[in-house]
Amino acid sequence: MYGLFAGLTTLDVAQLTADEVEENKKVTALDQVLAAGGPATNAAVVFSALNRSKVRLAARRKVSADRNGAHAGRSAATVLLTAVGDGPAAQLIATDVEATDIALVDCTDYDAQPPANADEIDYTPTVSTIFVNAKTGARTLASTNSRLPLRPDMATASLEAMGNPQVVLVDGHNPELGLAALTYGTDPQADDPFAAVDYEPPYLRILDGGSWKPWLTSMLGFVDVAVLSGDFVAPGASSIAETVEFLRGFGITRVIQTNGAEATRWWWGETSGELAPPGVDVVCTLAAGDVFHGAFAWGCVTGSLTRESDDPTAVIDFANHIAALSTTVFGTRAWLHDYETIEREVERLLDAEETRL
């Protein structure tokens, strides 16, 4: 069993600056980060790290697998469907991702034909350049987003070899790969054109909705939970309430909206509510949303959140706390070394699940 993530992988080059960077100025950075990034990739890194925290916690607590298998040291693997490309930047990405215990499935089409106006395809992966303002924790980012040719059949073949995941998360980038992940298990040859949409796999399929993208309409019918940022606005909508109604039209009745330090709002079936994230001293907000998504996906597996669940608050609260922790230090990875805090949050979720059972 494994957690499946599909979407964008980038090479992130982040610089911590003392203040906002003015146009046409040179500044000396206070710190720097060079790491694989992208929404799905960052979420996968979090999922994998939480797996390791659970194993460490189980070893420390000496939990018996026979007495309490859910808390023992068995954890899901982490699989990432993405496009990496070629060249030095791609090698850095692959090395970094694999060092985080993630199984990388590179679906780049290295045999693609170049467009008519080019002699060859540039297989350099996406590089995101990021400035983080040390005064406010805000980040400014420039990226080309998805740019590599894809082979979705490679994703499908990999999934058929691995079997059912425990949870799926797609970030809306590289939509062909996202659609392959979301529709795994459906029959493309079925006579009923609605059979694939009506299919409910034995796991949740989560959309990381950072912003609206025109191709999302082809994916929404296969999504169980939409986790939205404050920037996500559906076509024709002028409020989150209208966006929630828009998503209901695609059968998505479970929606979560994060909004930085503001309360996380949720709609789950016929119920709704909000949960405030913990107050922390914010140093850097880079990838905080991605961290929430990865923690939420992991919490769905560990906290046994399913379509039949009527209360998502324990998992949302867990994701809020993990995301808040990530903002207390610079970069996307440094917070992962706070083993004590992470294990405390993992233990809290496990205890909540034990109490529920």
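Sequential numbering from 1 along the given sequence is applied to the chain's residues. Because only heavy atoms are used, hydrogens play no part in the values below, and waters and symmetry mates are left out as well, while side chains stay in. Remember, predicted model here, so these are calculated numbers, not experimental data.
- Shown here for Leu50 and Ala295, the closest heavy-atom pair between the two residues is CD1-CA, 3.8 Å.
- Two residues are said to be in side-chain contact when any heavy atoms from C-beta on lie closer than 4.5 Å; Phe222 and Arg205 meet this criterion.
- Listed by chain and number, the hydrophobic cluster partners of Met154 come to none, as no ILVMFWY side chain reaches under 4.5 Å of it.
- Applying the salt bridge (charged side-chain N to carboxylate O under 4.0 Å, His left out) test to residues at least two apart or on different chains, the pairs with a partner in residues 312-336 are Asp96-Arg333, Asp317-Arg348.
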Please output the side-chain donor-acceptor pairs of residues 4-21 that fall under 3.5 Å, not counting sequence neighbours, one pair per line with the distance.
| from | atom 1 | to | atom 2 | distance (Å) |
| --- | --- | --- | --- | --- |
| Thr9 | OG1 | Thr41 | OG1 | 2.7 |
| Thr9 | OG1 | Thr82 | OG1 | 2.7 |
| Thr10 | OG1 | Asp12 | OD1 | 2.6 |
| Thr10 | OG1 | Gly38 | N | 3.3 |
| Thr17 | OG1 | Asp19 | O | 2.8 |
| Thr17 | OG1 | Val132 | O | 3.3 |
| Asp19 | OD2 | Lys135 | NZ | 3.1 |

Could you please spell out the steps behind the side-chain contact (heavy atoms from CB on, under 4.5 Å) verdict for Asn42 and Val291? CA-CA 7 Å; Asn42 287 331; Val291 173; 5.9 Å; no
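- Considering only residues two or more places apart in sequence or on other chains, Ser143 meets the side chain to side chain donor-acceptor pair (under 3.5 Å) condition with Ser128.
- Pairs engaging residues 98-122 under the salt bridge (charged side-chain N to carboxylate O under 4.0 Å, His left out) rule: Arg52-Asp101, Asp122-Arg147 [sequence neighbours left out].
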Under the criterion side-chain hydrogen bond (donor to acceptor under 3.5 Å, both in side chains), I'd like the reasoning laid out for Asn320 against Thr264: C-alpha separation, chi angles, the key distance, then a yes or no. CA-CA 8 Å; Asn320 267 344; Thr264 300; 2.8 Å; yes
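- With sequence neighbours left out, Glu242 forms a side chain to side chain donor-acceptor pair (under 3.5 Å) with Ser238.
- For the pair Thr186 (side chain) and Thr183 (backbone), a donor-acceptor distance under 3.5 Å is present.
- Remark: the backbone N or O of Gly273 is not paired with any side-chain donor or acceptor of Arg265 at under 3.5 angstrom.
- The side-chain heavy atoms of Leu207 and Val227, taken from C-beta on, include no pair separated by under 4.5 Å.
- Side-chain atoms of Trp268 come within 3.5 Å of backbone atoms of Ser309 as a donor-acceptor pair (strictly under, hydrogens ignored).
- Leu150 and Val84 fall into different hydrophobic clusters, defined by Ile, Leu, Val, Met, Phe, Trp and Tyr side-chain heavy atoms under 4.5 Å apart, directly or through other members.
- Between Ser326 and Ala323, the closest heavy-atom pair is OG-O, 2.6 Å.
- In this structure a side-chain-to-backbone donor-acceptor pair under 3.5 Å is present from Thr243 to Ala234.
- Between His173 and Pro39, the closest side-chain pair of non-hydrogen atoms falls below 4.5 Å.
- At a threshold of 4.5 Å between non-hydrogen side-chain atoms, the residues Tyr339 and Leu57 do not count as touching.
- Note on Phe246: it clusters hydrophobically with Met219, by side-chain heavy-atom contacts below 4.5 Å among ILVMFWY residues.
- Within the structure, salt bridge (charged side-chain N to carboxylate O under 4.0 Å, His left out) contacts touching residues 300-310 (residues at least two apart or in different chains) are Asp224-Arg307.
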Go through the steps for Ile102 and Val79 under the test side-chain contact (heavy atoms from CB on, under 4.5 Å), then give the verdict. CA-CA 6 Å; Ile102 293 173; Val79 177; over 6 Å; no
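- Side-chain contact, Glu353 with Ser304: a donor N or O sits under 3.5 Å from an acceptor N or O.
- Nearest heavy-atom pair, Val170 versus Ala181, reported as atom, atom and distance to 0.1 Å: CG1-CB, 4.2 Å.
- Under the 3.5 Å distance criterion, the side-chain polar atoms of Thr126 are left unmatched by any main-chain donor or acceptor of Thr144.
- Looking at Ser146, its side chain does come within 3.5 Å of a backbone N or O of Asn174 through a donor-acceptor pair.
- The main-chain N or O of Glu262 is never found under 3.5 Å from a side-chain atom of Asn259 such that the two would form a donor-acceptor pair.
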Tell me, with the steps shown, if Val315 and Phe296 meet side-chain contact (heavy atoms from CB on, under 4.5 Å). CA-CA 6 Å; Val315 176; Phe296 180 79; 3.5 Å; yes
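- With Trp298 as the fixed residue, the ring-ring contact (aromatic ring centres under 6.0 Å, His included) test singles out one of Tyr2, Phe318, Phe292: Phe318.
- Sorted pairs that involve residues 26-44 and meet salt bridge (charged side-chain N to carboxylate O under 4.0 Å, His left out), not counting sequence neighbours, are lacking altogether.
- Counting heavy atoms from C-beta outward, Ile316 and Thr313 have side chains that stay 4.5 Å or more apart.
- By the salt bridge (charged side-chain N to carboxylate O under 4.0 Å, His left out) test, Arg248 is found to be paired with Glu245, residues two or more places apart in sequence or in another chain being considered.
- Side chains of Cys284 and Thr327 form no contact here, defined as non-hydrogen atoms less than 4.5 Å apart.
- The other residues sharing a hydrophobic cluster with Val280 are Val282, where clustering joins ILVMFWY side chains under 4.5 Å apart.
- Within the 3.5 Å criterion, the main-chain N or O of Val45 finds no donor-acceptor partner in the side chain of Ser48.
- Looking only at distances, a side-chain donor or acceptor of Asp171 sits under 3.5 Å from a matching main-chain atom of Ala40.
- Taking the six-membered ring for Trp, Trp335 and Phe330 have ring centres at least 6.0 Å apart.
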Before you tell me yes or no, could you show the steps for Val283 and Val329 under side-chain contact (heavy atoms from CB on, under 4.5 Å), namely the whole-Å CA-CA distance, both residues' side-chain angles and the distance that decides it to 0.1 Å? CA-CA 5 Å; Val283 173; Val329 290; 5.6 Å; no
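- Looking at residues two or more places apart in sequence or on another chain, you find a salt bridge (charged side-chain N to carboxylate O under 4.0 Å, His left out) between Glu343 and Arg56, Arg60.
- With side-chain heavy atoms closer than 4.5 Å counting as contact, directly or through intermediates, the hydrophobic cluster containing Ile121 also holds Tyr110, Tyr123, Leu148.
- Between Ile342 and Glu345, every side-chain heavy-atom pair lies at or beyond the 4.5 Å cut-off.
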